[in-house]
Structure formats: structure tokens, C-alpha cells
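Predicted model only: the values in this text are computed from it and were never measured.
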Amino acid sequence: AYSDWADDARKAAERSKASPMRSGTAESTKAEVTGEGSASLWMSRALLAKRLNRELECERAYRRVVEEVWSLEAWRKLLIFYAEGGYRREALLAADTLQRYHDSLQPKGQVDKMGPIAASEVTSAVFRLISVYGLQNIREELLRMGQVHPAIRELLLEAVSWKVHGYDQ
């Protein structure tokens, strides 16, 4: 049965206190409910909520994952969710987080020589936002956010040169 996840977590914690022998030891049960294993549990819940078309629960579960551990998959899913759902600020923050992660994978000299190059999912999300809200609205949102990755700012110029739908709005 599909129920509220906060209640599920609370009930699971109570069960783990009541029957510590359920999965071996009390410590392993507690870790499964509230520790490292809970990120994978929240990821499973997010996938289930997505299949059941419960978007808000899906987003909440992905947020729980990224609060506990850094997860590339969860950040990508959040970026897509925010971009498709029209959450401009959240989408741009997720794009910034993903772009900084992609830059951390590149050797330091290579990033400096090539300049800012946006990751494909970041490019797709920013162009989607531009096509829906217009370039000027996205530019204003970036200005309100303050310090944003240079590659995302560069995408605004690319949107004009590639004439992405909405670049003239």
C-alpha cells in the first residue's frame, strides 16, 4: 500500500526499537532506517512515486536523497523535474550544482583553456526554461540569484546565437 513516507519512516524507527533482532542487530536496523541505507530507500521511493505519477512526493524523495548524500542521479532528476515543472530558481540552482560537479571531474588546466562548457543536461534544462519563460526572465532570475557558474551565463549568449525558441522574449 502507498502511504505517507514520513509516517513510514517513523513507524520503521519504532519497529526497529521494538525488535532489534529483525535484521541482525539494533545498530544495523537503525542504519537501515536513518543512516546510509536511507538514501537508497528514498531513491527507491522517488522512483516508485514517479511511476505512480505522484510528482510532489517524487520531488520530496529526491530532495531527501540529496540532503543525505551527494547523488548525481538525484540531482539530474531534480533538474529535469524543476525545468519541466516551471520552477525557475530551483532549476537554475540544480543546474549550477550539476555544472560545478562536472567541472570538478575535469583537470584544472583543461577547464581554464576551454572556458566554461555546460554539461548536456544543464544546457537542455536552461534552454527549456528560456523557451518557456523567455531569455529576459531567465537572465533576471540569474541576476537575483547572484553568483552562478560562468557556463550557465554563457548559455544565455549561446541561446541568442543559436536562436533558441524564446531568445527574443
Side-chain angles (χ1 to χ4, degrees), residues 2 5-6 9 34-169:
Y2 189 83
W5 293 333
T34 60
E36 303 84 29
S38 65
S40 62
L41 181 66
W42 283 108
M43 184 66 81
S44 299
R45 288 177 174 172
L47 296 173
L48 175 63
K50 181 71 174 169
R51 279 186 261 152
L52 294 173
N53 291 324
R54 296 182 180 235
E55 299 295 328
L56 292 178
E57 287 91 351
C58 179
E59 185 263 343
R60 192 176 342 149
Y62 281 129
R63 292 297 305 167
R64 291 289 301 263
V65 171
V66 298
E67 287 171 4
E68 292 185 19
V69 296
W70 202 98
S71 169
L72 178 61
E73 180 183 357
W75 275 112
R76 283 180 175 163
K77 299 287 186 178
L78 282 171
L79 176 62
I80 293 167
F81 174 79
Y82 291 144
E84 290 176 353
Y87 302 99
R88 291 179 289 190
R89 184 176 193 79
E90 291 84 357
L92 292 170
L93 287 171
D96 184 60
T97 301
L98 280 173
Q99 188 58 47
R100 292 185 191 282
Y101 169 74
H102 283 289
D103 279 358
S104 71
L105 298 177
Q106 300 295 323
K108 183 67 175 159
Q110 185 177 2
V111 173
D112 293 338
K113 287 183 209 171
M114 295 171 40
I117 297 176
S120 61
E121 63 263 9
V122 172
T123 302
S124 174
V126 171
F127 286 173
R128 180 186 305 266
L129 291 171
I130 290 171
S131 70
V132 173
Y133 296 103
L135 179 66
Q136 195 60 36
N137 286 334
I138 300 304
R139 181 174 285 139
E140 289 170 3
E141 189 67 43
L142 286 173
L143 288 174
R144 280 193 292 271
M145 288 173 56
Q147 187 67 21
V148 179
H149 196 280
I152 296 174
R153 294 193 187 277
E154 190 70 28
L155 283 176
L156 302 181
L157 298 174
E158 290 178 14
V160 173
S161 65
W162 293 352
K163 296 184 180 5
V164 171
H165 180 73
Y167 81 95
D168 54 351
Q169 297 176 359

Locate the shortest heavy-atom distance separating [X] from [Y]; write the atom from each residue and the value.
| X | Y | answer |
| --- | --- | --- |
| A39 | V69 | CB-CG2, 3.7 Å |
| A74 | V66 | CB-CG1, 3.6 Å |
| L79 | A91 | CD1-O, 3.2 Å |
| A159 | F127 | CB-CE2, 3.9 Å |

Are any side-chain N or O atoms of [X] and backbone N or O atoms of [Y], one a donor and one an acceptor, separated by less than 3.5 Å?
| X | Y | value |
| --- | --- | --- |
| Q99 | A119 | yes |
| Y62 | R76 | no |
| S44 | S40 | yes |

State, yes or no, whether a side-chain contact exists between [X] and [Y] at a heavy-atom distance under 4.5 Å.
| X | Y | result |
| --- | --- | --- |
| L72 | L98 | yes |
| E121 | H102 | yes |
| L92 | V126 | yes |

So how far is it from [X] [atom1] to [Y] [atom2], rounded to the nearest 0.5 Å?
| X | Y | atom1 | atom2 | value |
| --- | --- | --- | --- | --- |
| L48 | M43 | CG | CE | 13.5 Å |
| C58 | K77 | SG | NZ | 8.0 Å |
| W162 | T123 | CH2 | OG1 | 6.5 Å |
| L135 | E140 | CG | CD | 10.0 Å |
| E84 | L129 | CD | CG | 10.5 Å |
| R89 | L142 | CZ | CG | 9.5 Å |

Which pairs would a plain distance check flag for residues 149-158, meaning a side-chain donor or acceptor within less than 3.5 Å of a matching protein atom at least two apart in sequence or in another chain?
| from | atom 1 | to | atom 2 | distance (Å) |
| --- | --- | --- | --- | --- |
| H149 | ND1 | A151 | N | 2.9 |
| H149 | NE2 | D103 | OD2 | 2.3 |
| R153 | NH2 | G146 | O | 2.7 |

Q: Mark yes when over 12 heavy atoms from residues, nucleotides or ligands other than Q147 sit less than 6.0 Å from its CD; otherwise mark no.
A: no
Q) With the threshold set at 4.0 Å, does a side-chain nitrogen-carboxylate oxygen contact exist between E141 and R144? A)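 Salt bridge: yes.
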Q. When you check the gap from the basic side-chain N to the acidic O, do K50 and E57 get nearer than 4.0 Å?
A.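 Judged by the 4.0 Å cut-off on N to carboxylate O distance, K50 and E57 do not form a salt bridge.
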Q: Can you tell me which residue pairs pass the ring-ring contact (aromatic ring centres under 6.0 Å, His included) test with a partner in residues 82-101, sequence neighbours excluded?
A: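 Pairs touching residues 82-101 that pass the test: W70-Y101, F81-Y87, Y82-Y87.
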